[in-house]
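Bear in mind the structure is a predicted one, so any value in this text is a computation, not a measurement.
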Amino acid sequence: MSDDEPKPGSAEDQGPVTITPELADRLAEKREELFEEFEIRDEFPSEVLREAEARTEDVYEEIEAEIDEREDLRDLTTWTTDPVDAQDFDDAISIKREEGAYRLWVHIADVTHYVTPDTAMWEEAVERANTVYLPDYTIHMLPPVLAETVCSLVPNEDRLAHTVEMEIDEETLSFEDIDIYKSVINSDERLTYSECEERLEDPSLPLGEENALAFELADSMHEQRKEDGSLVLNPRRDRAHTIIEESMLKANKAVTHTLMWDRGVEAMYRVHPQPTPDQWSEALKEIQELDGVSIPGDAWGDDPRKAVNAALEESPGRQLNKIQRAVLKVMPRAKYMNDPFGGHHALNFDIYGHFTSPIRRLSDTINHWIVHENDVPENLIELCDHASDKQKDGETAERLYKQFLQEVGLDPHAVNNRGVEVVDDPEEAKHTA
């Protein structure tokens, strides 16, 4: 859930960015150029689309036939929280307080029930490896018709899910118990981030108490991560984002710990190397020299991640992006590997991997399959390398497209958040935000 919801009074309320047909053509040409350079597939083959359409038929009969083979969680209070313009809802949560513990359920759309290794959709997903996000233009890993129907956890509809159920100690926030299983859920409500904030302000509203409890846990987990040395490059997230981000991190961690320690199997783990001491020194020096930014004396120590966190917390808002860039400049790329050893440096997790976004990441789709089948693809190492390479290509294409937008007088942030409208009259074409 990385897309920010429009906030009242911000640029997102100003309407779409207007451009001429000529400029629209130039943007399309640039996208095609990038797609060719990085071998990004924009169109889905007809066979894939036919398969996806077929899997959206007879949905309710298929779910009814699955209920006896799954955990029936339809009576469990469950909800989704997403940006206001989200088209699909692939994760939902439930929470209860127990004696000395929280019980947190993270429900993920059961993509691999529909996309299996014997399908053209699977082959296409492997080829694409990730969804690519350009400003106001998305290249999906899976056909949207699938993601927006049977794999969307819409409210008041039975849906197939892959659930991570966690008993979390109230004091230590460690796992007391983890259970991962196929389920059937029925979401009570679809919340936007701003609606979630409203429920937190007034617990008497529907789902108010549940969201308050979810934030109580998420806030504790967030603070614990910072104390443990997890790098938090977005320190000013609102409460709604914190709930979702921390819940997904906890679920991902639970799954990959289960795969490694309980089952001892290979999977698509996320490994993030650390910068060298000299690289960290370079980043901290650059941060310290920024106007209005200082690293508190008690933050200097053996862990530069804590120093960066402290600088981010204390810095003026205008310097946030500069601090982030200073860190990212020296940070090695994370990559997918078939074993977790080396850990995830930025998160400071000894073992980590992805599970919560199978609609947009191949790693999560593969890990769903491994969890359920307890079987590992023979070409797992190849899949890890391919997913890492395609993620790099997608991010490079995004960066180059943003640069091109700036070159033609467009603000990438405004284009991404407000969208684009083509107008015939050049006088009405206001390129900049």
Side-chain angles (χ1 to χ4, degrees), residues 1 59-60 62-64 66-83 86-98 102-115 142 146-168 175 177-193 196 199 206-207 210-211 213-215 217-218 221 240-241 243-256 258-259 353-361 364-365 367-372:
M1 299 297 101
V59 173
Y60 302 109
E62 185 169 1
I63 292 174
E64 189 67 31
E66 279 283 313
I67 287 175
D68 289 342
E69 304 299 320
R70 294 170 175 255
E71 290 288 329
D72 188 347
L73 303 181
R74 289 176 295 176
D75 292 334
L76 181 67
T77 299
T78 300
W79 71 97
T80 62
T81 307
D82 293 277
Q87 298 299 308
D88 55 73
F89 318 119
D90 60 354
D91 57 78
I93 65 171
S94 308
I95 191 167
K96 289 184 180 179
R97 185 187 290 282
E98 300 182 345
Y102 301 91
R103 186 165 296 275
L104 174 67
W105 292 261
V106 173
H107 316 281
I108 307 300
D110 190 1
V111 169
T112 55
H113 177 80
Y114 302 98
V115 183
L142 296 176
L146 194 76
E148 294 170 9
T149 56
V150 294
C151 291
S152 186
L153 308 180
V154 294
N156 305 312
E157 297 278 1
D158 291 352
R159 285 291 184 262
L160 302 181
H162 214 151
T163 293
V164 185
E165 181 180 344
M166 297 161 278
E167 182 184 352
I168 300 168
F175 296 117
D177 187 48
I178 298 169
D179 198 6
I180 309 165
Y181 50 81
K182 295 289 187 88
S183 63
V184 181
I185 70 165
N186 190 302
S187 174
D188 293 87
E189 193 170 355
R190 171 271 203 273
L191 297 181
T192 66
Y193 288 125
C196 176
R199 309 304 168 88
L207 295 176
E210 289 86 353
N211 274 283
L213 183 60
F215 178 68
L217 172 59
M221 292 192 296
H241 280 89
I243 289 172
I244 299 305
E245 183 175 36
E246 295 299 331
S247 297
M248 299 306 128
L249 284 172
K250 199 71 169 178
N252 284 334
K253 191 174 182 180
V255 169
T256 43
T258 298
L259 287 172
H354 290 150
F355 189 80
T356 56
S357 294
I359 287 175
R360 64 183 178 91
R361 287 189 304 229
D364 307 53
T365 309
N367 285 339
H368 273 242
W369 185 258
I370 292 172
V371 166
H372 182 61

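Val59 has its side chain out of reach of Glu157: every pair of non-hydrogen atoms, C-beta onward, lies at least 4.5 Å apart. Side-chain contact between Asp91 and Met248: present, with at least one pair of heavy atoms (C-beta onward) separated by less than 4.5 Å. At least one side-chain heavy atom of Asn211 sits less than 4.5 Å from a side-chain heavy atom of Leu191. Within the 4.5 Å cutoff, side-chain heavy atoms of Glu62 are placed close to those of Tyr114. Contact annotation: the side chain of Thr78 never approaches that of Leu73 to less than 4.5 Å [non-hydrogen atoms, C-beta and beyond]. With contacts defined as side-chain heavy-atom distances shorter than 4.5 Å, the pair Glu71/Glu165 does not qualify. Taking the side chain as every heavy atom from C-beta outward, Phe89 and Ser187 never approach each other to under 4.5 Å. Using a 4.5 Å heavy-atom cutoff, the side chains of Glu167 and Phe175 are not in contact.
Side-chain atoms of Thr80 never come within 3.5 Å of backbone atoms of Ala92 as a donor-acceptor pair (strictly under, hydrogens ignored). No side-chain donor-acceptor contact under 3.5 Å links Asp188 to the backbone of Trp79. A side-chain donor-acceptor contact under 3.5 Å links Arg159 to the backbone of Ser152. Proximity of a side-chain donor or acceptor of Asp82 to a complementary backbone N or O of Thr192 within less than 3.5 Å is not detected. Between the side chain of Thr81 and the backbone N or O of Tyr193, no donor-acceptor pair lies under 3.5 Å.
To the nearest 0.5 Å, atoms NZ (Lys96) and CD (Glu210) are separated by 10.0 Å. Taking CG of Asp364 as the start and CD1 of Ile108 as the end, the distance is 8.5 Å to the nearest 0.5 Å. Put simply, CD on Gln87 and CD on Glu148 are 5.5 Å apart, with the number rounded to the nearest 0.5 Å. Taking CG of Asp177 as the reference point, atom CD1 of Ile168 lies at 11.0 Å (rounded to 0.5 Å). Atom-to-atom distance recorded for Leu160:CG and Glu69:CD is 12.0 Å, nearest 0.5 angstrom. Distance check, rounded to the nearest 0.5 Å: CG of Asn252 to OG1 of Thr356 gives 4.0 Å.
Qualifying side-chain contact (heavy atoms from CB on, under 4.5 Å) partners for Val164, counting only residues two or more places apart in sequence or in other chains: Met166, Ile180, Ala251, Ala254, Val255, Phe355. Residues satisfying the side-chain contact (heavy atoms from CB on, under 4.5 Å) criterion with Ser247, sequence neighbours excluded, are Ile93, Leu104, Val106, Ile243. Every side-chain contact (heavy atoms from CB on, under 4.5 Å) that Glu64 has, sequence neighbours left out, goes to Ile67. With sequence neighbours excluded, the residues forming a side-chain contact (heavy atoms from CB on, under 4.5 Å) with Asp158 are Ile63, Arg74, Val184, Asn186, listed by chain and number. Among residues two or more places apart in sequence or in another chain, the salt bridge (Lys or Arg N to Asp or Glu O under 4.0 Å) test is passed with Asp110 by Arg70, Lys182. Residues satisfying the salt bridge (Lys or Arg N to Asp or Glu O under 4.0 Å) test with Asp88, not counting sequence neighbours, are none.
His107 and Thr163 get closest at one heavy-atom pair: ND1-OG1, 2.9 Å. Nearest heavy-atom pair across Pro358 and His368 is CG-NE2, 3.7 Å. The two residues Pro83 and Arg190 come nearest to each other via the heavy atoms O-NH2, 3.1 Å.
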Chi angles and distances behind the side chain to side chain contact (heavy atoms under 4.5 Å, CB included) call for Glu246, Leu217:
CA-CA 9 Å; Glu246 295 299 331; Leu217 172 59; over 6 Å; no
Evaluate the side chain to side chain contact (heavy atoms under 4.5 Å, CB included) criterion for residues Leu259 and Val371: first the C-alpha distance (whole Å), next the side-chain angles of each, then the deciding distance (0.1 Å), finally the verdict.
CA-CA 7 Å; Leu259 287 172; Val371 166; 3.9 Å; yes
Stepwise side chain to side chain contact (heavy atoms under 4.5 Å, CB included) test for Leu207 and Glu189:
CA-CA 9 Å; Leu207 295 176; Glu189 193 170 355; 3.6 Å; yes
